[in-house]
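Notes to accompany the following structure.
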Protein chains: 2
Amino acid sequence: MQALKLTPTSFMVLGLLEQAAPAEATPYDIKQWMGFSVDNFWPTPHAQVYREPERLATGGYVTERREETGRRRKFYKITEAGSAALETWRHEPLDDLPELRDAAVLKIFFGADPVVVARHQVAAHEAKLAEYEHLRSNIAEFIPPGQLLALDIGIAHERKEVDLWNEVAAGQVPPTTSAPRA
Amino acid sequence: MQALKLTPTSFMVLGLLEQAAPAEATPYDIKQWMGFSVDNFWPTPHAQVYREPERLATGGYVTERREETGRRRKFYKITEAGSAALETWRHEPLDDLPELRDAAVLKIFFGADPVVVARHQVAAHEAKLAEYEHLRSNIAEFIPPGQLLALDIGIAHERKEVDLWNEVAAGQVPPTTSAPRA
DNA sequence: CCTATCATGTAATCCGTTACATGATTAT
DNA sequence: ATAATCATGTAACGGATTACATGATAGG
């Protein structure tokens with residue numbers, strides 16, 4: 001039980017297990033919950049969702065129980081150590097900025113037609129925005145405030161992306177200067 | 001020489017080799033160029049920059065030449081096939097949206113104090129913005145238009161991120177509605 | 001000379017993705 | 001009953017990251 005590195009994916013699993021506590025949850029459960037929440041801004045394929053709790057179990061952050069019969073499903077539950085790690089993480093300042101990692105910018109960098117690229121981006125971001133807004137209207141009343149705020153940040157983010165790519169499509173990037181932006 | 005999958009990283013290497021052409025370049029050269037350009041929005045560790053051209057060589061997208069003596073450095077040059085692949089990629093519509101993958105949002109989702117998180121994000125994004133602007137003032141005149149535009153998109157993006165997190169810090173997210181935003 | 005730093009490369013590991021496989025349940 | 005789909009898990013592969021290691025060069 002040596003110290004294993006806890007990644008954002010680890011904390012996502014821990015966070016969802018903490019919400020489920022004191023009930024146990026299977027990886028399948030976790031993946032389902034992700035589907036209408038965290039998957040939007042921290043996607044993780046299901047195979048990973050099966051493996052991460054195994055890792056966490058070796059570090060003592062969760063307990064693992066396996067069915068003896070039938071499907072031999074695995075059930076996980078967060079431990080004290082897991083909750084403590086999660087709580088620490090909540091208070092830790094963030095190390096790293098998110099990087100753009102935007103293939104659209106990469107294409108433009110290497111000479112793709114910016115107007116064409118931008119139009120696609122606008123459409124794609126608008127679709128994502130609509131998805132978020134639809135989701136929000138369905139679940140806003142049932143989720144804790146942090147989760148709602150995260151969703152609202154996602155919405156605000158997508159709006160800004162739509163604006164940005166519209167500006168690119170219109171040839172309005174760069175803005176004239178770092179002029180005052182109310 | 002079976003078809004290998006070309007990732008954004010592949011195109012980054014191809015793109016930089018195309019710029020260098022007809023000269024050859026070592027992975028070290030490539031990494032240097034990245035340092036003040038692509039690294040900002042498509043970071044790749046140096047080990048990858050040594051390996052990717054090897055892959056590309058097996059697919060015929062670049063040629064590899066190795067020094068016989070001394071450091072036995074490897075030199076790469078883009079081929080016709082490489083240029084063709086790059087050109088195709090430039091015109092291909094984009095498949096995937098960039099995901100947020102923002103650890104700050106994840107933390108808020110799981111209950112971190114949004115004001116604290118937001119203040120950190122503002123500072124971090126402002127620093128990044130300043131870095132971009134400094135870079136721009138140094139190189140704007142020497143780089144091709146696509147590269148400058150990519151940088152300007154990065155700048156615009158960071159400004160919007162600063163705005164977004166300022167709004168979060170001020171409790172102004174969500175905005176009242178999808179009201180008209182000039 | 002010696003040391004620090006730059007330049008160059010390989011190895012080991014990790015994580016994510018794709019693919020495969022099988023048990024259970026629902027619908028026809 | 002049978003087919004389709006849901007639920008559950010493992011395996012294999014490949015790209016990305018970390019770590020290690022060594023050759024060259026410049027500064028003291």
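The chains referred to below are lettered A, B, ... by the order of the sequence lines, with proteins before strands, and numbering in each begins at 1. As a basis for the values below, the full set of heavy atoms in this structure was taken, side chains included, without hydrogen atoms, waters or symmetry mates.
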Quiz item: Are any of the side-chain nitrogens in B:E133 or B:R136 under 4.0 Å away from the carboxylate oxygens of its partner?
Solution: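 Between B:R136 and B:E133 there is no salt bridge, as every charged N stays at least 4.0 Å from the carboxylate O atoms.
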Quiz item: Does B:E167 come within less than 4.0 Å of A:K160, counting only side-chain N to carboxylate O?
Solution: yes
Quiz prompt | Expected output: side-chain A:T58 to main-chain A:R55 donor-acceptor under 3.5 Å | solution =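 At least one qualifying donor-acceptor pair exists.
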Can you tabulate the close N/O pairs, meaning under 3.5 Å, that link protein atoms to atoms of nucleotides 17-22 of chain D?
{"unit_1": "D:dT17", "atom_1": "O4", "unit_2": "B:R51", "atom_2": "NH2", "d": "3.3"}

Quiz prompt | Closest non-hydrogen atom pair, B:A104 against B:W165 | solution =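 Closest approach of B:A104 to B:W165: CB-CH2, 3.9 Å.
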Quiz item: Can you name the closest pair of heavy atoms from A:V115 and A:A169 and give their distance?
Solution: CG2-O, 4.0 Å
Rounded distance (Å) that lies between atom [atom2] of [N] and atom [atom1] of [X]:
X: A:E64; N: D:dT8; atom1: CD; atom2: P; result: 15 Å
X: B:Y50; N: C:dC6; atom1: OH; atom2: C1'; result: 10 Å
X: B:L4; N: C:dT18; atom1: CG; atom2: P; result: 16 Å
X: B:R66; N: D:dG23; atom1: CZ; atom2: P; result: 13 Å
X: A:F75; N: D:dA7; atom1: CZ; atom2: P; result: 13 Å
X: A:R73; N: C:dA24; atom1: CZ; atom2: P; result: 9 Å
X: A:M34; N: C:dG16; atom1: CE; atom2: C1'; result: 12 Å
X: A:I30; N: D:dA7; atom1: CD1; atom2: P; result: 15 Å

Quiz prompt | D:dT10 OP1/OP2 closer than 4.0 Å to side-chain N/O of A:K74 | solution = yes
Practice problem: Determine: side-chain N/O of B:R55 to OP1/OP2 of D:dG15, distance under 4.0 Å, yes or no. | Solution: yes
Exercise. Give one of base, sugar-phosphate or nothing for A:Q32, where a contact means two heavy atoms less than 4.0 Å apart.
Key: nothing
Exercise. Report which part of the nucleic acid A:E54 touches: base, sugar-phosphate, or nothing (heavy-atom distance under 4.0 Å, all strands).
Key: sugar-phosphate
Practice problem: Write out all pairs satisfying ring pair (Phe, Tyr, Trp, His ring centres under 6.0 Å) with one or both partners inside residues 5-34 of chain A, taking only residues at least two apart or from two chains. | Solution: A:F11-A:W89
Quiz item: What residue among A:L4, A:L86, A:L56, A:V62 forms side chain to side chain contact (heavy atoms under 4.5 Å, CB included) with A:S10?
Solution: A:L56
